[in-house]
Number of protein chains: 2
Amino acid sequence: MADVNRGSNPLFLRDEDLREGIELLFFAYRDFTARPDAILADYGFGRAHHRVIYFVGRHPGITVKELLAILKITKQSLARVLRQLVTKGFIEQRQGEQDRRQRLLYLTPKGEELETKLTENQRARIARAYREAGADAVAGYRSVLAGMVDDEDRERLNRPRPAS
Amino acid sequence: MADVNRGSNPLFLRDEDLREGIELLFFAYRDFTARPDAILADYGFGRAHHRVIYFVGRHPGITVKELLAILKITKQSLARVLRQLVTKGFIEQRQGEQDRRQRLLYLTPKGEELETKLTENQRARIARAYREAGADAVAGYRSVLAGMVDDEDRERLNRPRPAS
DNA sequence: TCATATATGTCAACATGGCTGACGTAAATC
DNA sequence: GATTTACGTCAGCCATGTTGACATATATGA
């Protein structure tokens with residue numbers, strides 16, 4: 001009944017605590033995407049382009065199907081963005097060897113350059129937050145966020161290549 | 001030069017570690033917003049409406065200016081969403097007493113009902129992740145994410161009412 | 001071999017939610 | 001009394017999501 005000391009018993013979850021957790025996610029995401037968005041605008045691109053460039057860079061040779069599963073958008077939405085990236089020479093497509101229906105996606109050197117430029121600020125931001133918070137906090141960050149991800153993608157995290 | 005054991009020395013930040021941190025944020029945010037988005041669609045609303053409802057519920061009597069500072073969008077973008085919410089009876093505006101130029105924003109009972117419905121799933125998701133990860137992990141989650149937020153908003157977190 | 005399923009692409013139309021620019025009003029402040 | 005501030009509004013643009021329909025090439029299984 002009495003007020004609860006947050007530090008000693010944080011698993012008695014007050015509405016305040018949960019709201020703080022929600023807001024942290026909102027503010028962090030908002031500030032995390034601001035700088036890349038500004039850079040993308042110079043290229044006539046948007047956040048969707050960054051996501052594609054990021055995940056293609058992360059998983060070279062990824063298929064369109066796999067990319068769709070990660071982004072959870074429709075193939076039409078992806079196609080529009082992908083077409084622009086291919087046309088402008090940031091991504092190249094190669095036919096799959098085992099399955100020739102597949103278009104395997106790779107960053108071109110130009111694409112890698114942009115990827116680095118875009119993600120640079122995010123990496124620095126994460127690195128700074130990690131360093132300031134310390135090793136134990138990093139482990140906590142990872143386990144809480146992993147717990148918020150739907151089961152189907154939890155396994156995808158921290159594996160260099162999704163099952164193909 | 002040799003490979004680094006992540007557990008014992010996580011502050012030697014490999015590119016892999018940073019990318020994992022980035023992806024955790026992306027996946028968590030993606031899955032965190034999916035359910036509310038689906039509910040909003042039934043009302044003809046979008047994610048922007050949720051954000052407004054959320055922060056008005058969080059800070060009853062918030063001014064338009066304060067809300068703009070939180071959302072970091074233009075007043076035109078906010079106005080569009082706000083007008084719909086007021087017209088449809090989810091939010092009501094009262095003239096400020098000290099400063100009569102202000103329009104103080106409040107949720108109507110109908111607005112509160114929707115807020116609960118929308119945020120319910122997010123609260124449950126956070127609560128589950130918190131419980132599974134444990135108290136120490138929660139503290140880590142909080143401190144890392146707080147470190148990623150721009151300075152100007154860091155102080156806003158965990159205060160029921162922004163300075164007005 | 002033939003039917004079916006899969007991977008991918010494409011066209012068209014629509015909605016949400018950002019943005020810029022311009023302009024207007026009422027109230028506070030210097 | 002001039003200026004600043006809080007707020008609103010109209011108009012138009014763009015990025016990015018959606019649904020629905022249809023096409024093609026390839027893989028796979030009966």
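All of these numbers come straight from a predicted model, not from anything done at the bench. Quick note on labels: first sequence line is chain A, next is B, and so on, each numbered from 1.
- To the nearest angstrom, C1' of C/dA28 lies 15 Å from CZ of B/Arg103.
- Nucleotide D/dA6 holds its P atom 10 Å from the CD atom of B/Glu66, rounded to whole Å.
- Listed by chain and residue number, nothing satisfies the side-chain hydrogen bond (donor to acceptor under 3.5 Å, both in side chains) test with A/Gln76 (two or more places apart in sequence, or in another chain).
- For A/Tyr141 and A/Tyr130, the distance between ring centers is under 6.0 angstrom.
- A salt bridge links B/Glu23 with A/Arg58: the distance from a Lys NZ or Arg NE/NH1/NH2 to an Asp or Glu carboxylate oxygen falls below 4.0 Å.
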**Q.** Contact pattern, 5' to 3', of nucleotides 12-20 of chain D - B, S or - by protein heavy atom under 4.0 Å
**A.** ---SBBBBB
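- Taking 4.0 Å as the cut-off between side-chain N and carboxylate O, A/Glu115 and B/Arg19 count as a salt-bridged pair.
- The side-chain heavy atoms of B/Asp153 and B/Lys72, taken from C-beta on, include a pair separated by under 4.5 Å.
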N/O to N/O distances under 3.5 Å, protein versus nucleotides 3-6 of chain C:
{"residue": "C/dT6", "atom": "O2", "partner": "A/Arg101", "partner atom": "NH1", "Å": "2.4"}

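- One interatomic measurement links the two molecules: CG of B/Asp99 to C1' of C/dA26, which rounds to 10 Å at whole-angstrom precision.
- Rounded to whole angstrom, the span from the CD atom of B/Gln98 across to the C1' atom of C/dT29 amounts to 16 Å.
- Side-chain N/O atoms of A/Gln93 include one lying less than 4.0 angstrom from OP1 or OP2 on C/dG9.
- If you take CD of A/Glu97 and P of C/dA7, they are 18 Å apart, rounded to a whole angstrom.
- The interatomic distance linking A/Leu82 (CG) with C/dG9 (P) rounds to 7 Å, in whole Å.
- Salt-bridge formation is not detected for the pair A/Asp150/B/Arg30: no Lys NZ or Arg NE/NH1/NH2 atom is positioned less than 4.0 Å from an Asp or Glu carboxylate oxygen.
- Salt bridge annotation for A/Lys117-A/Asp42: absent, with no cationic side-chain nitrogen under 4.0 angstrom from a carboxylate oxygen.
- Contact annotation: the side chain of B/Glu66 never approaches that of B/His59 to less than 4.5 Å [non-hydrogen atoms, C-beta and beyond].
- One atom, CG of B/Asp37, and another, C1' of C/dG17, lie 12 Å apart when rounded to the nearest Å.
- Spacing between atom CG of A/Leu104 and atom P of C/dA7 amounts to 13 Å, rounded to whole angstrom units.
- A tilted orientation is assigned to the rings of B/Phe27 and A/Phe55, their planes being inclined by 30° to 60°.
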